[in-house]
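A short worksheet on the structure shown next.
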Amino acid sequence: QVRLVESGGGLVQAGESLRLSCAASGRTLGTLAMGWFRQAPGKEREFVAAISENGDSTLYADSVKGRFTFSRDNAKNTVFLQMNSLKPDDTAAYYCAAGWIMTVTRSHYPFWGQGTQVTVSS
């Protein structure tokens, strides 16, 4: 089993930045691909970003490309999502996920955190 705990969410104004963290336990993070997803009220959970096991490959949703950066520190069993130039449309609960392959597909991630709320005011 893998336990994931997100942190770093909060309330910010449009144009500001936040950095989300996701700490893993129960398994060495370096053996897992990781993903970030988000879910706004009344909407489906959607893909945000993914990173390969060693961090040399990343994927981003078009809506966040150029603004968000996904990174990882396997020695600390932690991944990070740096979010810059935040927009009100980025408001959502953000979830960290872990799996065996780097993918945009939600169902391919068997392990999930409980989420952290990001609210961006205009």
Short question: side chain of [X], backbone of [Y] - any donor-acceptor pair under 3.5 Å?
| X | Y | result |
| --- | --- | --- |
| R67 | S85 | yes |
| N77 | L29 | yes |
| T119 | L11 | no |
| T78 | K76 | yes |
| T103 | T105 | yes |

Write down the atom of [X], the atom of [Y], and the distance for their closest heavy-atom approach.
| X | Y | answer |
| --- | --- | --- |
| V2 | A24 | CG1-CB, 4.5 Å |
| R72 | A33 | NH1-CA, 4.2 Å |
| D62 | K65 | OD1-NZ, 3.1 Å |
| F70 | V79 | CE2-CB, 3.6 Å |
| N84 | S17 | OD1-OG, 2.9 Å |
| Y109 | G35 | CE2-N, 3.8 Å |

Quiz item: Within 45° of the ring axis of Y95 and under 6.0 Å from its six-membered ring centre, is that where the NZ or CZ of R45 lies?
Solution: yes

Quiz prompt | Cation-pi geometry met for R106 and W112 (6.0 Å, 45°) | solution = no

Quiz item: What do the steps show when you test S121 against E16 for side-chain contact (heavy atoms from CB on, under 4.5 Å), and what is the final call?
Solution: CA-CA 10 Å; S121 64; E16 294 184 339; over 6 Å; no

Quiz item: What's the spacing between S122 OG and D89 CG if we round to 0.5 Å?
Solution: 10.5 Å

Quiz item: Side-chain contact, heavy-atom cut-off 4.5 Å: D90 with M83?
Solution: no

Quiz item: Is the number of heavy atoms from other residues, nucleotides or ligands under 6.0 Å of Q114 CD greater than 12?
Solution: no

Exercise. Could you list all the ring pair (Phe, Tyr, Trp, His ring centres under 6.0 Å) pairs where at least one residue sits in residues 39-63, not counting sequence neighbours?
Key: F37-F47

Exercise. Determine whether W36 and M102 fall in the same hydrophobic cluster, where Ile, Leu, Val, Met, Phe, Trp and Tyr are linked whenever their side-chain heavy atoms lie under 4.5 Å apart.
Key: no

Exercise. Before giving the answer on side-chain contact (heavy atoms from CB on, under 4.5 Å), spell out for E6 and L20 the whole-Å C-alpha distance, their side-chain angles and the decisive distance to 0.1 Å.
Key: CA-CA 7 Å; E6 302 96 334; L20 304 184; over 6 Å; no

